[in-house]
Amino acid sequence: MENRLSRYIWKHTSRQQIWILFVVAISMIPYFLSFDLPKQIVNGPIQGKGFETDGATQLFMHLEFSLPLIGNVVLFPGLELNRVQTLFALSMVFLLLVIINGLFKLYINTYKGRLGERLLRRIRFELVDRILRFPPGQFKRVKGAEIASMIKDEVEPLGGFTGDAFVQPALLGGQALTALIFIFMQHFWLGMIAALIVVVQAIIIPRMRKRLLILGRERQLTARELSGRVSEIVDGISTIHAFDTSNLERADISARLGHIFKIRYDLYQWKFLVKFINNFLAQVTPFLFYCIGGYLALNGRLDVGQLVAVINAYKDLPGPLKDLIDWDQTRQDVQVKYVQVVEQFQVDRLLDPKLQAIAADNDQVLKPPLAAVNLSLVDDSGAKLLERVSLQIAPGEHVAVLGGEALAEAVARIIWPESGKVVAGGDDLWDLPESVTGRKISYAAAEVYMFHGTLGDNLLYGLKHAPLTPAVYDQQGEDHHRWQINEAKLAGNPDYDINSDWIDYSTAGAEGPDHLFASVRTVLDAVLLSKDILDLALRSTFDPSENPDLAARIVEMRHALREELDAEGLNSLIVTFEPDSYNREATVGENLLFGTTTGMTLKGRAIGQNRYFRSVMQQTGLGPRLFQMGYEIAENAVELFADLPPDHPFFQQLTFMTPEDIPEYQLLLQKLRGKSFEEVTDNERYKIIKLSFAYIEPRHRFGLLDDDLMAEIVRARKIFHDNLPKDMEDEIERYDDARYMASASVMDNVLFGRISHKHADGSERIRTIARTLLNTLGLYDQVLALGLNYHVGAGGRRLTSVQRQKLGLARSLIRHSDYYIFNRPLPGLDHRIQDQIVRNVLELTKQNNNEPAVVWVLSNPALTTLFDRVVVFERGTLTADGKPDLISDKDEAKQLVSS
């Protein structure tokens, strides 16, 4: 990247800058004319110069030029106008010049803005492009939040300055110079006064603003450090809570904010001092004009029209001059920021852009064998990870590695060799394009990063190398797409369409989108992840209008489940929802509403404030009974749980109250003792009643629900639904045995009821039966596919560490590669499950037509018998390489693995 911002701007926008500078030069003509016109209006029609006699007229807009060899050329003979007509004509011309000057400013500013945004887009893309080409070790020395802050915030002013870089000094300087020349033309000494003040401002103000630049630079650095520190707090929040260091972090943040405050306060003080001096100098000149110019006008050495014109011209001089000084400060400020950014992104051994050139075809070949030649690796401290290692891996070979994590990272191009190299058929791996290494070598490790998106997005991430099938747009979308592509090219961005289909189905062994899921399920089964995803699918929701066939089949499965339970004598396992009866296994709230809430007016705390719901409670007289029920629940809960520690397992059964709520309800009970339903406030009433909404008699067993109260609730339910206002019909989805409920999970739709608490293992038995039915009804794949829409959260944090590790392994396996490098990908699993997954993966790779090689750095040395060859490292040195029976001492092997 260029070291100077102005050079960078000119390099990428020179043609546009030349055009806008030409426009600026043209705009000076009407700008100058607007200065001279007030003098003509005052001296001419207003004071009567040229209209001394009655009926006198003058030519208006007479255009005549004298050219060499040609003589006088009359373009327009002009119009004969009297004094009043001339006044109005000149005034209209003045208005026209105002409009023309305004249109010039509008065009120039709009053009500048578009130019700046394009270059800002170019800079940001170039910086991200450089991140993608950083050498691997660079990422251990930078903080992601600081880099993101630079790209998002610190380069923002650079885009705004781009349009002003050359245009602003030309425009402002031209305006100031035009005004100054005009003043000189009216009176030399008044011009000298204006010029002297301009020179003083131009010398003093920039010098005073140098300190502003220093303070601004300090502010930028401290703000960037604060961003990085906050990111560390977010990433290390578990550690902070575990070691009780939250107050240490508060003290650190407070100190940083105090330092930033001091810098900003000093900045404001100095900034407004500079502004005060600048404004004072700007106001001194009009004083001198009024004083000296007025004296000259009184003595007849300066006419009134000239004085008015000078004052009017100077009125437009301080603005451009001040803006020009501001521009110079901004120029210096953004230059400092630009240099700071460039320094962070000017990295040695940056990857050649050619290595990451896009390649849509998958025909490139990675020459065998894959080999390490005198390979030495070191970590950031200089400690040896591998020392002069040489070995090769033949196609189709299954190699177990003990103690060689660094070798796997070198083959995956995560560590840069200190000496030696990793080659593929004699070609250095670092010289090969990523379109070859990134497709022919698949890598998985224990540290798995999941991108923000769905589980399916992350699973198929390794198949998205290039846009293969163009996106289809309607006419409006096509026009917008063309505009986006054109803007991308103008900004130096690639014109790839993110909406295209990027998935390389052939690499996954599929003929197209309709056949991809078969490959996906095979891989998920191999890494034992299908059950986890199926559970996620059963807990998720989907819109039945988007998949009406599946919704209908789920309802069919609902009835099949009941038939299955009846056949096995387990019909008491689920208590279904019936419109005319109370479901003892559901909460009071579920029985009362008899449906799932879709809006916010009946959800959570809002239900207690809902006018219609409260009117139903009043009409049915159910409010006082639920209040009494809630009061007794509070008394029982406080009596049973008040003395227990917050982490006591009994609280897991307390669904209507948290450990933190206990002290609050203790005080509330004391306050409400002896008061009736009518005597308490609405807020206190709701706090008590809401406890009853979560009550389930078979689970909590406080003996608070009798047949009479249950019948009252069913009656209130009927009244609630029969009189439901039209504007609330979309707020609740009523239970209907013949319909799929969009707001309920798949599992809730299958059950259409609640699992009985009489059966201790009821949930697991239902899930087992449900999985069997999914296979029997041919719904397993469709429901499993729903699980792929599960959002994994930031960094995959909504998944467990084991699920992330399995998904990372699956992401590598979904691609048909020549080499699979697995670097202890499953350390979180017990050895029995690891054994099963390793067997499954090896069997799966043997089914690939290209006979890929597998290099597996094992956590469990007992699995070496599954491989063709075993490679052993000890303290970075290759100590053994041969058949599996090479490792006979299992204790020694375990020691090697742990080291």
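Note that these values count all heavy atoms, side chains included, but never hydrogens, waters or copies made by symmetry.
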Requested in this report: Please determine, by modelled atom types, if Gln670 and Gln666 share a side-chain donor-acceptor pair under 3.5 angstrom.
Outcome: no
Cut-off 3.5 Å, no hydrogens considered: what does the side-chain donor-acceptor table look like for residues 591-599, sequence neighbours left out?
from, atom 1, to, atom 2, distance (Å)
Asn591, OD1, Asn583, N, 2.7
Asn591, OD1, Arg717, NH2, 3.4
Asn591, ND2, Asn583, O, 2.9
Asn591, ND2, Thr587, O, 2.9
Thr596, OG1, Ser743, OG, 2.3
Thr598, OG1, Asp730, O, 2.4
Thr598, OG1, Glu731, O, 3.3

Query raised in the report: Around Lys531, counting heavy atoms of other residues, nucleotides and ligands shown, do more than 12 lie under 6.0 Å from its NZ?
Result: no
**Report entry** Glu664 CD: over 12 foreign heavy atoms closer than 6.0 Å
**Finding:** yes
Query raised in the report: Can you tell me if His700 uses its side chain to pair, donor with acceptor, with the backbone of Phe702 under 3.5 Å?
Result: no
Report task. Answer yes if the side chains of Asp543 and Ser545 hold a donor-acceptor pair under 3.5 Å, and no otherwise. Result -> yes
Query raised in the report: Aromatic ring centroids of Phe693 and Tyr686 under 6.0 Å?
Result: no
In a table with atom names and distances, give each donor-acceptor pair under 3.5 Å that connects a side chain of residues 572-581 to protein atoms at least two apart or in another chain.
from, atom 1, to, atom 2, distance (Å)
Ser572, OG, His759, NE2, 3.2
Thr576, OG1, Glu578, OE2, 3.1

Query raised in the report: Is the closest side-chain donor-acceptor distance between Glu632 and Asn636 under 3.5 Å?
Result: no
Query raised in the report: By ring pair (Phe, Tyr, Trp, His ring centres under 6.0 Å), which residues pair with Tyr790, not counting sequence neighbours?
Result: none
Report task. Please name all residues satisfying ring pair (Phe, Tyr, Trp, His ring centres under 6.0 Å) with His757, sequence neighbours left out, ordered by chain then number. Result -> none
Requested in this report: Mind checking salt bridge (charged side-chain N to carboxylate O under 4.0 Å, His left out) for Arg739 and listing every partner two or more places apart, or none if nothing turns up?
Outcome: Glu733, Asp736
Query raised in the report: Within the distance-only criterion (no hydrogens, no angle test), does the side chain of Arg685 pair as donor or acceptor with the backbone N or O of Val680 below 3.5 angstrom?
Result: yes
Requested in this report: Return the set of residues passing side-chain contact (heavy atoms from CB on, under 4.5 Å) with Thr768 (not counting sequence neighbours), or none when no residue passes.
Outcome: Glu764, Arg771
**Report entry** Side chains of Tyr449 and Glu447, donor plus acceptor under 3.5 Å
**Finding:** no
Query raised in the report: Quick one: side chain to side chain donor-acceptor pair (under 3.5 Å) partners of Arg584, sequence neighbours excluded?
Result: Asp707
Report task. Name all residues meeting the ring pair (Phe, Tyr, Trp, His ring centres under 6.0 Å) criterion together with Phe720; count only those two or more places apart in sequence or in a different chain, and write none if there are none. Result -> Tyr612
Requested in this report: Give the intermediate values and the outcome of side chain to side chain contact (heavy atoms under 4.5 Å, CB included) for residues Tyr740 and Val746.
Outcome: CA-CA 9 Å; Tyr740 185 91; Val746 174; 3.7 Å; yes
Query raised in the report: Can you name the residues that form a side chain to side chain donor-acceptor pair (under 3.5 Å) with Ser254, not counting sequence neighbours?
Result: none
Requested in this report: Could you please spell out the steps behind the side chain to side chain contact (heavy atoms under 4.5 Å, CB included) verdict for Arg811 and Leu807?
Outcome: CA-CA 6 Å; Arg811 182 166 62 188; Leu807 185 57; 5.6 Å; no
Query raised in the report: For Asn749, does its backbone N or O pair with a side-chain atom of Arg558 as donor and acceptor, under 3.5 Å?
Result: yes
Report summary line: Residue set satisfying salt bridge (charged side-chain N to carboxylate O under 4.0 Å, His left out) with Glu684, at least two apart, ordered chain then number -> Lys671
**Report entry** Residues in side-chain contact (heavy atoms from CB on, under 4.5 Å) contact with Gln619, at least two apart in sequence or another chain
**Finding:** Ile719
Query raised in the report: Are there more than 12 heavy atoms of other residues, nucleotides or ligands under 6.0 Å from atom CD of Glu679?
Result: yes
Query - Short side-chain donor-acceptor distance under 3.5 Å, Thr454 and Asp457 - result: yes
Distance-only donor-acceptor pairs under 3.5 Å for side chains of residues 560-570, two or more places apart:
from, atom 1, to, atom 2, distance (Å)
Arg562, NH1, Asp737, OD1, 3.4
Arg562, NH1, Asp737, OD2, 3.2
Arg562, NH2, Asp737, OD1, 2.8

Report task. Check whether more than 12 heavy atoms from other residues, nucleotides or ligands sit under 6.0 Å from atom NZ of Lys718, and answer yes or no. Result -> no
Query raised in the report: What distance do Ile755 atom CD1 and Asp761 atom CG have between them, rounded to the nearest 0.5 Å?
Result: 10.5 Å
